[in-house]
Amino acid sequence: MPELPEVETTRRGITPYLQGESIRQVLVRQPKLRWPIPAEVMALRDAPVLAVRRRAKFLLVDMVGGQLLIHLGMSGSLRVLPNETAPGKHDHVDLLLSSGKLLRYNDPRRFGAVLWSEQPDSHPLLAHLGPEPLEQGFDGEWLAQRAAGRKQAVKTFIMDNKTVVGVGNIYAQESLFMAGIHPSRQAGRISRSRYDRLAQSIQQVLSQAIVAGGTTLKDFSRVDGQPGYFAQELMVYGRAGENCLVCATKLRAARHGQRSTCYCPECQR
DNA sequence: ATCGGGACCTGCTTGC
DNA sequence: TGCAAGCAGGTCCCGA
């Protein structure tokens, strides 16, 4: 599922329903996600929500006494529903809210996670993350500096959470197309000025996708069940064999680290 | 230190 | 029509 724009769309969607409310109780039907749901989460009772934030692809729900971390993995989604709504398949967790609504976590593949941290922002999984792409600290200078000497393909390089967070398989391909960079090019053999352009492209692609409400392919939907519309703006993702929308050259397929890649051999060098 | 590959899991599509 | 293989938006962990 979800890359940064989808997680951010979800964060914006759930915030109005959590802000000023309490989590009355947590109902767990399937505790075996990527990691087991910890006892602290199961034990939550009438806990006020202080804020809903995002770091990388984690949703962070600040509570009195700790922080709830929610990761949507590959196929996860959150919906806000009226209390008592009958659960369907893969509806693993319900957060029952003081408003009478519930926040429901659905995740067919169970690559996602619901975790707990006593201290906000101090969970081990958050410790070694790179910069947020849409905040200070991420730019071409950072990319060029980190890429120095590396032989890794640039696509794999920008999908590495230590390089920059939130860039998954869809937006990595879109960003590289926008920047005119071949996805297989070695990260250490790209000029500073091209990294400036790549950083801008990543920011532009992610920002546009957030505005569109994310990309809906299979599993992802917004909190209200509506789809996101960025799929209409994709230039290369999933289009191997079709013609480039810029130069009409036939788009090619490749693989980087077991993930499929589509690119334009003419526009991307 | 860096890199690639396997692992986790379900469901859908493709090809024989 | 049935079945197996291959693929899917993530990312941690391991061994080379």
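Here is how names work: the chains are called A, B, and so on, in the same order as the sequence lines, proteins then strands, and each is numbered from 1.
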Visitor: Using a cut-off of less than 4.0 Å, is there contact between a side-chain N or O of A:Arg34 and OP1 or OP2 of B:dC9?
Guide: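 Looking at the OP1 and OP2 atoms of B:dC9, neither is under 4.0 Å from any side-chain N or O of A:Arg34.
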
Visitor: Distance check needed: B:dA1 P versus A:Lys162 NZ, whole Å only.
Guide: 12 Å

Visitor: Assess whether a salt bridge exists between A:Asp94 and A:Lys101, defined as any Lys/Arg side-chain N lying under 4.0 Å from an Asp/Glu carboxylate O.
Guide: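 No.
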
Visitor: How far does the C1' atom of B:dG11 sit from the matching atom of C:dC12, given to the nearest Å?
Guide: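 So the two C1' atoms sit 23 Å from each other.
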
Visitor: With the side chain counted from C-beta on, respond yes when A:Val154 and A:Arg189 share a heavy-atom pair under 4.5 Å apart, and no when they do not.
Guide: no

Visitor: The side chain of A:Thr156 is closest to which nucleotide in this list: C:dC12, B:dG4, C:dG9?
Guide: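 Comparing C:dC12, B:dG4, C:dG9 against the side chain of A:Thr156, the answer is B:dG4.
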
Visitor: OP1 or OP2 of C:dG9 less than 4.0 angstrom from a side-chain nitrogen or oxygen of A:Tyr237, does that happen here?
Guide: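 It does, given that an N or O in the side chain of A:Tyr237 lies less than 4.0 Å from OP1 or OP2 of C:dG9.
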
Visitor: Return the value, rounded to whole Å, for the distance between atom CE of A:Met159 and atom C1' of C:dC12.
Guide: 14 Å

Visitor: Using the P atom as the reference point in each nucleotide, state the distance between B:dC9 and C:dC3 in Å, no decimals.
Guide: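 Approximately 24 Å lies between the P atom of B:dC9 and that of C:dC3.
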
Visitor: To the nearest Å, how far apart are A:Tyr229 OH and C:dG9 P?
Guide: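 So the two atoms are 22 Å apart, to the nearest Å.
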
Visitor: Check the distance between C:dA8's C1' and A:Leu72's CG and give it to me in whole angstrom.
Guide: 16 Å

Visitor: Does the pair A:Glu21/A:Arg24 count as a salt bridge with the N-to-O cut at 4.0 Å?
Guide: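 Salt bridge absent between A:Glu21 and A:Arg24.
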
Visitor: Figure out the CZ/P separation between A:Arg109 and B:dC12, and round it to whole Å.
Guide: 12 Å

Visitor: Does the side-chain ring of A:Phe111 lie flat on the base of C:dT11, meaning centres under 5.5 Å and planes less than 30 degrees apart?
Guide: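 Here A:Phe111 fails the 5.5 Å or the 30° condition.
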
Visitor: Tell me whether A:Arg53 is salt-bridged to A:Asp121, with the criterion being a basic N under 4.0 Å from an acidic carboxylate O.
Guide: yes

Visitor: In whole angstrom, give the distance that lies between atom CG of A:Leu115 and atom P of C:dT11.
Guide: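 Whole-Å distance recorded here is 13 Å.
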
Visitor: With a 4.0 Å cutoff (strictly under), does any side-chain N or O of A:Gln152 reach OP1 or OP2 of B:dC3?
Guide: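 Answer yes for this pair, as a side-chain N or O of A:Gln152 is under 4.0 Å from OP1 or OP2.
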
Visitor: Is the count of non-hydrogen atoms from other residues, nucleotides or ligands lying under 6.0 Å from A:Phe138 atom CZ greater than 12?
Guide: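 For A:Phe138, atom CZ is crowded (more than 12 foreign heavy atoms under 6.0 Å).
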
Visitor: So, is A:Arg255 close to the B:dG4 phosphate, meaning a side-chain N or O under 4.0 Å from OP1 or OP2?
Guide: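 Indeed not, no polar side-chain atom of A:Arg255 lies that close.
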
Visitor: In terms of side-chain heavy atoms of A:Asn161, which of C:dC12, C:dA8, C:dG9 is nearest?
Guide: C:dC12

Visitor: Let's see if you can work this out: which of B:dC9, B:dT2, C:dG9 has an atom nearest to the side-chain heavy atoms of A:Arg150?
Guide: B:dT2

Visitor: Does B:dG15 pair with anything, Watson-Crick or G-U wobble, both distances under 3.5 Å, and if so, with which nucleotide?
Guide: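 Matched B:dG15 with C:dC3 under the 3.5 Å cut-off.
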
Visitor: Answer yes or no: does a side-chain N or O of A:Lys89 lie under 4.0 Å from OP1 or OP2 of B:dG11?
Guide: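 For B:dG11, OP1 or OP2 has a side-chain N or O of A:Lys89 closer than 4.0 Å.
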
Visitor: Measuring to OP1 and OP2 of B:dT10, would you say a side-chain N or O of A:Ser75 lies under 4.0 angstrom away?
Guide: no

Visitor: Can you measure A:Lys155 atom NZ to B:dG4 atom P for me and round it to whole angstrom units?
Guide: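 Going from A:Lys155 (NZ) to B:dG4 (P), I get 12 Å.
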
Visitor: Using the P atom on both, measure B:dC12 against C:dT11 and round to a whole Å.
Guide: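 Their P atoms lie roughly 23 Å apart.
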
Visitor: Under 4.0 Å between a side-chain N or O of A:Arg110 and OP1 or OP2 of B:dT10?
Guide: yes

Visitor: What is the distance, to the nearest angstrom, from the CD atom on A:Glu3 to the C1' atom on C:dT11?
Guide: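 So the CD-C1' distance, A:Glu3 to C:dT11, works out to 13 Å.
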
Visitor: Would you mind telling me which of C:dG9, C:dT11, C:dA8 lies closest to the side-chain atoms of A:Ile170?
Guide: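 Ranking C:dG9, C:dT11, C:dA8 by closest atom to the A:Ile170 side chain puts C:dG9 first.
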
Visitor: Looking at A:Glu132 and A:Arg55, is any side-chain nitrogen of the basic one under 4.0 Å from a carboxylate oxygen of the acidic one?
Guide: yes

Visitor: Please report the distance separating the P of B:dT14 from the corresponding atom of C:dG9, rounded so that it comes out in whole Å.
Guide: 15 Å

Visitor: Taking only the side-chain nitrogens and oxygens of A:His90, find out if one of them lies under 4.0 Å from OP1 or OP2 of B:dG11.
Guide: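 Yes, because at least one side-chain N or O of A:His90 sits under 4.0 Å from OP1 or OP2 of B:dG11.
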
Visitor: Only pairs with both distances under 3.5 Å count, Watson-Crick or wobble alike; so what is the partner of B:dT10 in this structure?
Guide: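 The base-pairing partner of B:dT10, which may sit in any strand shown, is C:dA8.
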
Visitor: Confirm from the modelled atom types if A:Arg259 and C:dA8 form a donor-acceptor pair under 3.5 Å, side chain to base only.
Guide: no

Visitor: So what does A:Gly168 touch, heavy atoms closer than 4.0 Å: a base, only the sugar-phosphate, or nothing?
Guide: sugar-phosphate

Visitor: How about A:Asp107 and A:Ser75: does a side-chain donor come under 3.5 Å of a side-chain acceptor?
Guide: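 Side-chain D/A pair, A:Asp107 to A:Ser75: present.
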
Visitor: If you compare every side-chain N and O of A:Lys151 against the phosphate oxygens of B:dC3 (OP1, OP2), does one of them come in below 4.0 Å?
Guide: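 It does not, given that no N or O in the side chain of A:Lys151 lies less than 4.0 Å from OP1 or OP2 of B:dC3.
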
